[in-house]
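Notes for the one structure printed next.
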Amino acid sequence: AQSVSQHNHHVILSEAASLELGCNYSYGGTVNLFWYVQYPGQHLQLLLKYFSGDPLVKGIKGFEAEFIKSKFSFNLRKPSVQWSDTAEYFCAVNLRGGADGLTFGKGTHLIIQP
Amino acid sequence: EAGVTQSPTHLIKTRGQQATLRCSPISGHTSVYWYQQALGLGLQFLLWYDEGEERNRGNFPPRFSGRQFPNYSSELNVNALELEDSALYLCASSLLGQNTEAFFGQGTRLTVV
């Protein structure tokens, strides 16, 4: 069965700390990969996406993610977090060819302490 | 340009009733997806519609159903409501294709009492 695992459900960091959120997927086929963010009281927004090409992708607000095919991973990183990064982060995957909807991980609740 | 819009924002129903949730996609998008975001369970894929047809459905019972209209808007119907159906229901739209992203609405908060 297709699945997406996010390793950390709750993460608390201080401002300026570095961030890495883990995401692993189990899918039978070529995939598209996404990270979405949900700020308090707001709708889900796309942070970044990987379809093909350079496995290191850069998104909005200084976020980046690296696709490592051999590890079935797509970890999200940011070198220095800000208080405004406090949010819920979701990793998502779908099959290249789009024959299904996005499968999401359970999310990581990130709290940045000032 | 308007984003994905959902109505109502909040909905309170009693157990056994039916709920109808509505979604208008971004102009030009033909695909509409429905997700359930229940506390502690993350986002679960419910249904995918494109060009008026149901293309795929997630692991939900048949009392979760929907349809897509000629203008690509969509309805999600939940029959015989149960307390566990209380959740945020999210609609997303996208262009149909291999490399497309989904854009989400604000959601409808359904509370079953």
Side-chain angles (χ1 to χ4, degrees), chain A residues 1-10 21 23-25 27 29-54 57 59-60 65 67 74 87-109, chain B residues 2-6 9-10 23-26 29-51 53-60 64 66 68 74 76 87-109:
Chain A
Q2 300 155 348
S3 66
V4 179
S5 298
Q6 292 183 238
H7 313 304
N8 313 100
H9 296 300
H10 291 89
L21 301 181
C23 173
N24 286 88
Y25 64 92
Y27 250 77
T30 306
V31 295
N32 299 320
L33 297 149
F34 306 82
W35 275 97
Y36 281 85
V37 61
Q38 190 172 32
Y39 297 105
Q42 295 188 27
H43 62 278
L44 275 166
Q45 302 171 42
L46 183 70
L47 261 183
L48 46 78
K49 60 192 176 188
Y50 172 80
F51 294 142
S52 64
D54 187 346
V57 292
I60 60 171
F67 170 49
F74 190 56
E88 191 91 19
Y89 291 80
F90 294 92
C91 180
V93 179
N94 70 358
L95 281 173
R96 193 78 52 81
D100 61 344
L102 288 166
T103 299
F104 283 84
K106 291 195 184 301
T108 297
H109 187 201
Chain B
V4 177
T5 57
Q6 293 185 244
T9 307
H10 294 86
C23 171
S24 292
I26 290 173
H29 287 187
T30 61
S31 278
V32 170
Y33 306 85
W34 287 95
Y35 291 85
Q36 183 195 67
Q37 189 176 17
L39 200 61
L41 294 179
L43 283 122
Q44 313 252 351
F45 168 66
L46 263 165
L47 290 159
W48 171 28
Y49 291 95
D50 184 78
E51 295 288 356
E53 294 197 8
E54 182 181 301
R55 301 290 185 176
N56 202 2
R57 68 179 291 128
N59 189 24
F60 281 83
F64 286 84
Q68 187 178 33
S74 177
L76 173 69
L88 181 67
Y89 288 83
L90 294 171
C91 173
S93 75
S94 74
L95 296 166
L96 183 65
Q98 293 194 15
N99 296 336
T100 58
E101 65 197 69
F103 294 83
F104 285 81
Q106 293 268 26
T108 293
R109 172 74 61 187

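If you're wondering where the values come from, they're calculated on a predicted model, not measured in any experiment. Chain A is the first sequence line, chain B the second, and so forth, proteins listed ahead of strands; every chain is numbered from 1.
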With rounding to the nearest 0.5 angstrom, report the CH2 to CG distance, B/W48 to A/N94. 9.0 Å
Check whether more than 12 heavy atoms from other residues, nucleotides or ligands sit under 6.0 Å from atom CG of A/D54, and answer yes or no. yes
For chain B, the option from A/H9, A/Q38, A/Q6 that forms the most heavy-atom pairs under 4.5 Å: A/Q38
Does the ring centre of A/Y36 sit less than 6.0 Å away from the ring centre of B/F104? yes
Part of B/L46 within contact of chain A (heavy atom distance under 4.5 Å): neither
Might you confirm whether atom CD1 of A/I60 has over 12 heavy atoms from other residues, nucleotides or ligands at distances under 6.0 Å? yes
Flag side-chain contact, heavy atom, 4.5 Å: B/Y33 against A/L102: no
I'd like a table of donor-acceptor pairs (distance under 3.5 Å, sequence neighbours excluded) in which one partner is a side-chain atom from residues 40-47 of chain A, with atom names and distances.
residue	atom	partner	partner atom	Å
A/Q42	OE1	A/Q45	NE2	3.0

How far apart are the C-alpha atoms of B/F45 and A/F104, what are their side-chain angles, what is the distance that settles it, and do they pass the ring pair (Phe, Tyr, Trp, His ring centres under 6.0 Å) test? CA-CA 8 Å; B/F45 168 66; A/F104 283 84; 9.8 Å; no
